[in-house]
Amino acid sequence: MIDGCGRTIDHLRLSLTDRCNLACRYCVPQNAPPCGEMIDENYAYELVRWLSTRHGIHHLRLTGGEPLLYPPLLGLIKRLSSLGSLREITLTTNAQALEKQAESLAAAGLSRVNISLDTMQADKFQSVTRGGVIDHTLRGIEAAVRCGLTPVKINVVAQRSFNDDEIADIAEWGLVLGCVVRFLEVMPIGPLAHVADKHLVPAAEILDKLEKRFTLKAIPGSIGQPATDYAVTGHGLRGVVGVIAPTTRPFCDRCRRIRITSNGKIVACVHDATSFDLTSCWNGTSLHVEDADKVLHRAVLAKPEVGPRKQSLNMVALGG
Ligand code: SAM
């Protein structure tokens, strides 16, 4: 599928629910109304079947909210993996509930996981997540590695005066476990819509902190895809770290994604709240493919060349 700017679109982020068991301060606004939207399992399956068999979407990321809170998750993954039209099914999670589910997720056909972890300190973790327990996430990461949901990618949102002093420590901890550790610049979305600059740790500074401890060599072909990955040596370690820099090194020209929210809307650009409703194409048992094609066509043609950075939705609703 080619968008209006000539970019190939072959990645889908599908949000299964906007419910989350954490409420990270940069993701969920204070006093946000409780969420609870869950996409119908059959609808989710039919959407992916349609996109992967008719429109060349071969990379699926299940997200939320918190996708591990979606009751039919295992059954859905089993059905999706037997489609045969997806190259990978991945999942983004806070891993609070992963330890017990990792083995069955791997057996169901999940390829790998991306896990959010912004600090190694229990009190800071509890504070930024508004109540999370770091040990649950750490045990979830270890279980994912053990069960072969690899490479496990650890996503760290770099935040000024919060974890900018921990960057090399988090990288080292993850590398010892054999994970890929990726640092993300904050985005002007949700609670950070108008204050992201205050919290931003630019990619150049992240790399500088990593280079003080390790030797980094950019991996050719990864540059801005959207992560730029680096082979790491030093401190007796080998592995990969990466930087995703939507603010200081935007990669809109290489964006290959669309999103579908848990209420069945296509969002073509993470920086733009414009959405295209697919719900009228679903009658409760089947997808009206010709109508859905028309909605998809409009969404993909409207995908902006450069993200306008006017996102009024929160990441938890958007499907981060
Ligand atoms: N609950 C899952 C998790 O924690 O990974 C999946 C959903 S969460 C919305 C997906 C990702 O969005 C997380 O890695 C989170 O850190 C990131 N995120 C949320 N708000 C963000 C912001 N304003 N800037 C950068 N990343 C953000």
Side-chain angles (χ1 to χ4, degrees), residues 13-30 32 35 37-39 61-70 73 90-98 101 105 112-119 124-125 128-134 136-137 140-141 144 149 152-160 162-163 170 174 179-203 206 226-227 242-248 250-251 257 259-262 267 270-271 273 307 309-320:
R13 286 197 177 182
L14 175 62
S15 177
L16 299 176
T17 175
D18 60 1
R19 207 179 132 212
C20 192
N21 43 0
L22 301 181
C24 297
R25 290 177 191 277
Y26 54 84
C27 183
V28 180
Q30 206 166 17
C35 303
E37 189 89 54
M38 300 264 173
I39 197 164
R61 168 90 59 93
L62 301 172
T63 183
E66 175 48 47
L68 296 184
L69 301 181
Y70 182 68
L73 179 64
T90 64
L91 179 119
T92 302
T93 173
N94 58 38
Q96 288 281 287
L98 185 59
Q101 296 189 49
L105 286 167
R112 57 181 178 80
V113 284
N114 283 25
I115 299 177
S116 304
L117 175 74
D118 296 337
T119 173
K124 281 166 70 176
F125 184 89
V128 73
T129 60
R130 298 194 181 101
V133 179
I134 194 168
H136 295 172
T137 290
I141 294 172
L149 293 169
V152 173
K153 295 185 181 171
I154 298 182
N155 289 342
V156 185
V157 178
Q159 297 155 69
R160 176 71 65 211
F162 174 70
N163 60 3
I170 302 173
C179 301
V180 172
V181 186
R182 280 179 164 169
F183 296 89
L184 283 78
E185 290 180 345
V186 289
M187 287 189 262
I189 294 178
L192 301 193
H194 306 291
V195 291
D197 287 355
K198 206 174 95 192
H199 299 271
L200 178 74
V201 184
I206 295 169
V243 177
I244 302 179
T247 300
T248 64
F251 39 82
R257 284 179 198 149
R259 290 172 155 76
I260 297 184
T261 59
S262 54
V267 176
V270 71
H271 297 292
R309 282 160 214 280
K310 281 191 182 152
Q311 186 51 271
S312 53
L313 297 170
N314 301 310
M315 209 58 143
V316 72
L318 199 56

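Just follow the structure's listing: the first ligand is 1, and inside any ligand the first atom is 1. The first residue in the sequence is number 1, and the count goes up from there. Quick note: numbers below take in every heavy atom, side chains included, and nothing from hydrogens, waters or symmetry partners.
- Protein heavy atom at the shortest distance from atom 26 (N) of ligand 1 is V157 CG2, 3.8 Å.
- For the residue pair R112 / N114, a side-chain donor-acceptor distance below 3.5 Å is found, with atom types taken as modelled.
- Within the 4.0 angstrom cut-off, atom 8 (S) of ligand 1 has no protein heavy-atom neighbours.
- Which parts of ligand 1 touch C27 is read off a 4.0 Å heavy-atom cut-off, strictly below it: atoms 9 (C), 19 (C), 20 (N).
- A donor atom on one side chain and an acceptor atom on the other are not found under 3.5 Å apart for T17 and E66.
- Heavy-atom separations between C24 and ligand 1 are all 4.0 Å or longer.
- Contact check for L105 versus L68: side-chain heavy atoms found under the 4.5 Å cut-off.
- Less than 4.0 angstrom separates some heavy atom of G64 from each of these atoms of ligand 1: 7 (C), 9 (C).
- A 4.5 Å side-chain heavy-atom check between I115 and V152 finds at least one atom pair inside the cut-off.
- The shortest non-hydrogen separation linking L313 to A273 is CG-CB, 4.3 Å.
- For the pair T129 and N94, the minimum side-chain heavy-atom distance is 4.5 Å or more.
- Crowding of R19 atom CZ: a count of heavy atoms from other residues, nucleotides or ligands under 6.0 Å not exceeding 12.
- Below 4.0 Å from some heavy atom of I189 lie the following atoms of ligand 1, by number and element: 23 (N).
- Of the protein's heavy atoms, Y26 OH, 2.9 Å lies nearest to atom 16 (O) of ligand 1.
- Under 4.0 angstrom from ligand 1, the non-hydrogen atoms of T93 all belong to its backbone.
- Near N94, meaning under 4.0 Å from any of its heavy atoms, are these atoms of ligand 1: 2 (C), 3 (C), 4 (O), 5 (O).
- Closest heavy-atom approach to atom 6 (C) of ligand 1 among the candidates G65, A193, S116, P188: G65.
- Under 4.0 angstrom from ligand 1, the non-hydrogen atoms of T92 come from both its backbone and its side chain.
- In this structure, the protein non-hydrogen atom closest to atom 25 (C) of ligand 1 is M187 N, 3.6 Å.
- The distance from ligand 1 to the heavy atoms of E66 drops below 4.0 Å at these ligand atoms: 1 (N), 2 (C).
- Side-chain atoms of T92 and R61 form a donor-acceptor pair, as typed in the model, at a separation below 3.5 Å.
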Practice item. Walk me through it: do V270 and L318 pass the test side-chain contact (heavy atoms from CB on, under 4.5 Å)? Key: CA-CA 8 Å; V270 71; L318 199 56; 3.7 Å; yes
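- Counting heavy atoms under 4.0 Å from ligand 1, residue T63 touches it through the side chain alone.
- Between the side chain of E185 and the backbone N or O of L200, no donor-acceptor pair lies under 3.5 Å.
- Of the protein's heavy atoms, M315 CG, 3.3 Å lies nearest to atom 19 (C) of ligand 1.
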